Amino acid sequence: MSALGDQIKLTLAKGGTITVERFMELALADPQYGYYMTRDPFGTEGDFTTAPEISQMFGELLGLWAAEVWTSMGRPNPVRVIELGPGRGTLMSDALRAARVVPEFRAALDVTLIETSPPLAQIQYDALLTAGAPIAWRGSFAEAPDGPAIILANEFLDALPVKQFERRGGQWRERVVRLNGAGELVFGVADKPEPFLNAEADEGSVIEVSAAAHRFMFELAARLAKQGGAALFLDYGHAVTGFGDTLQALRAHISVGPLTEPGECDLTAHVDFAAMARSARAAGAAVHGPIDQGDFLRALGVDVRARALGERSPERAGEIEAARRRLVGKGDNEMGALFKAMAVANRAVPAPPGFQPNPAKPA
Ligand code: SAH
């Protein structure tokens, strides 16, 4: 068991429980042992791979997306470009390079990276040293500078903790983590039912609610409604709210039990995009999508970009095509349909690129 696991067991030794939400928060963000706080988790050597780490095309297309959105916002100067949970800084590095084709945008932007993890902030700093743009780091979104903003977030929302509720005996009870007789961490449910949850469901059904994600989305949408701008979210998730336990842990690219080694493996939950859209609208912003990541990237021109890159470096053409297919393909091991894209914007901003109705495409 991991150091964090031992610590959690100690606190539960007298028969107590912690909620799944608290467990997830500790596993990812405990200042001493939290997964993101202690390591670089990405790439083939790490635990999982994200879209910007698969191909430079992903960040480049998002950089061009940002430049187009800036134009449709009336070219504010300055414009805040804010990235949430920037990982290794790869997305921002590729985006800033691609945005050079719109020099006025490059000249108007300043970048804020929102990152809680000290080791990842250091990796981002090194990756962006030569990016040629003013960049600042902040620990929370609330600390980002005011003003019209373009916000990018890839695989950020899925790292925010979720509450889980389980249907037992015709009532909903919050799922918790406790110790069993053998001293192992196991799932259980709270003694007291939840009086305010009354959705009908089969025995054993689970629903997930991320209070942290709702709070965050409300704050972000209210800011965009007041100060202008647009945000783009890409994440593993579903377009329609439903039942199901989506808590999942990955270690060295292999799925492991969520309770086995807290702090040593990545722990995520699928993003409920419909719920996020409700919060964003309630705070006064417009919502575009969600749509499949594959459709979004295709509308931005990933196929053309892949072909151009392949022609320029024929020796890498196979690798570039494989990366393109992994990003847009809709099969089981591909990201095109499992991942969704959703934009949240000030109501005055027109539908951003990728979310515009395509008259050539049959409904
Ligand atoms: N966007 C990157 C990394 C995704 S992993 C990519 O696509 O490769 C999640 C990232 O969010 C990590 O950088 C992690 O440290 C950061 N993170 C997790 N919780 C956070 C929070 N509450 N506030 C800010 N950053 C957070």
Side-chain angles (χ1 to χ4, degrees), residues 21-22 24-31 33-63 65-66 81-96 111-128 135-144 151-162 210-217 219-220 231-237 248-251 253 263 265-271 293 296-297 323 326-327 335 338-341:
E21 179 187 45
R22 179 69 184 142
M24 190 171 173
E25 195 174 289
L26 288 171
L28 293 180
D30 178 78
Y33 299 121
Y35 178 72
Y36 282 116
M37 306 306 268
T38 55
R39 75 198 68 223
D40 168 13
F42 306 103
T44 44
E45 304 275 291
D47 295 314
F48 62 103
T49 303
T50 57
E53 302 299 333
I54 290 171
S55 168
Q56 67 185 78
M57 296 185 287
F58 187 81
E60 288 169 350
L61 292 170
L62 265 51
W65 183 90
V81 172
I82 303 170
E83 187 182 354
L84 305 162
R88 279 183 174 166
T90 310
L91 191 166
M92 187 54 73
S93 165
D94 293 335
L96 289 173
V111 177
T112 306
L113 300 181
I114 310 298
E115 178 60 72
T116 45
S117 157
L120 286 177
Q122 182 62 49
I123 292 170
Q124 293 153 20
Y125 180 84
D126 294 342
L128 291 162
I135 303 179
W137 277 260
R138 295 287 179 269
S140 72
F141 179 64
E143 297 168 70
I151 300 168
L152 302 172
N154 186 59
E155 294 212 42
F156 169 73
L157 294 172
D158 71 352
L160 300 180
V162 293
S210 177
H214 277 290
R215 259 196 309 274
F216 166 79
M217 187 55 81
E219 180 188 345
L220 173 131
L232 177 64
F233 293 91
L234 294 124
D235 231 308
Y236 199 171
Q248 121 183 349
L250 276 185
R251 184 163 197 183
H253 301 264
C265 40
D266 186 36
L267 195 56
T268 57
H270 292 192
V271 174
Q293 169 173 299
F296 176 70
L297 293 177
R326 186 147 171 222
L327 292 176
M335 301 171 78
L338 292 176
F339 279 68
K340 310 284 177 206

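Predicted model, so just to flag it, every value in this text is computed and none were measured. Note that ligands are numbered from 1 as they come in the structure, with each ligand's atoms numbered from 1 the same way.
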Those residues at least two apart in sequence (or on a different chain) that pass side chain to side chain contact (heavy atoms under 4.5 Å, CB included) with Leu220 are Leu84, Phe141, Ile151, Phe216, Met217, Leu224, Ala231, Phe233, Val344
Below 3.5 Å, N or O to N or O, backbone or side chain included: is there any such pair between Leu160 and ligand 1?
no
Exam field: side chain Thr268 to backbone Ala159, donor-acceptor pair closer than 3.5 Å
no
Which residue holds the protein heavy atom closest to atom 17 (N) of ligand 1, what is that atom called, and what is the gap in Å?
Thr116 OG1, 3.9 Å
Would you name the heavy atoms of Gln56 and Asp94 that are closest together and state the gap between them?
CA-OD2, 3.3 Å
Hey, does Leu91 sit under 4.0 Å from ligand 1 if you only count heavy atoms?
no
What verdict does the side-chain contact (heavy atoms from CB on, under 4.5 Å) test give for Trp137 and Tyr125, after you've listed the backbone C-alpha separation in whole Å, the side-chain angles of each residue and the deciding distance to 0.1 Å?
CA-CA 9 Å; Trp137 277 260; Tyr125 180 84; 3.8 Å; yes
Atom 15 (O) of ligand 1: closest protein heavy atom, distance to 0.1 Å, is Glu115 OE2, 2.5 Å
Per-atom contacts of ligand 1 with Phe156, taking only distances under 4.0 Å to non-hydrogen atoms
20 (C), 21 (C), 23 (N), 24 (C), 25 (N), 26 (C)
Ile114 heavy atoms, cut-off 4.0 Å: which ligand 1 atoms fall inside?
24 (C), 25 (N)
How far is atom 4 (C) of ligand 1 from its nearest protein heavy atom, and which residue and atom name does that atom have?
Glu155 O, 3.4 Å
For Glu53 and Thr50, what are the C-alpha separation, side-chain angles and deciding distance, and is it a side-chain hydrogen bond (donor to acceptor under 3.5 Å, both in side chains)?
CA-CA 5 Å; Glu53 302 299 333; Thr50 57; 4.7 Å; no
Atoms of ligand 1, numbered as shown, that sit under 4.0 Å from any heavy atom of Leu120
12 (C), 13 (O), 15 (O)
Measure Phe141 to ligand 1 on non-hydrogen atoms and call it side chain, backbone, both or neither using the 4.0 Å cut-off.
neither
Please report the closest heavy-atom contact between Leu250 and Asp47, naming both atoms and the distance.
O-CB, 3.9 Å
If we number the atoms of ligand 1 from 1 as shown, the ones under 4.0 Å from a heavy atom of Gly87 are 2 (C), 3 (C), 13 (O)
By number and element, which atoms of ligand 1 are closer than 4.0 Å to a non-hydrogen atom of Pro52?
6 (C), 7 (O), 8 (O)
Between Leu327 and Ala51 the two heavy atoms that sit nearest each other are CD2-CB, 3.6 Å
Counting from 1, what ligand 1 atoms have a heavy atom of Ser117 closer than 4.0 Å?
15 (O)
Please could you name the atoms of ligand 1 that Phe42 approaches to less than 4.0 Å, counting only its heavy atoms?
3 (C), 5 (S)
Write out the residue and atom name of the closest protein heavy atom to atom 6 (C) of ligand 1, then the distance separating them to 0.1 Å.
Thr50 OG1, 3.3 Å
Can you name the nearest heavy-atom pair linking Gln124 to Gly87, along with the distance?
NE2-O, 2.8 Å
For ligand 1, is there an N or O atom under 3.5 Å from any N or O atom of Gly85?
yes
To the nearest 0.5 Å, what is the distance between CD1 (Ile54) and OG1 (Thr90)?
11.5 Å
Based purely on interatomic distance, does Asn154 place a nitrogen or oxygen under 3.5 Å from a nitrogen or oxygen of ligand 1?
yes
In short, Pro86 meets Glu115 closest at the heavy-atom pair CD-OE1, 3.3 Å
Taking every non-hydrogen atom, the tightest pair across Phe156 and Gly85
CD1-N, 3.9 Å
Can you report which non-hydrogen protein atom sits closest to atom 5 (S) of ligand 1, along with the distance?
Tyr36 OH, 3.5 Å
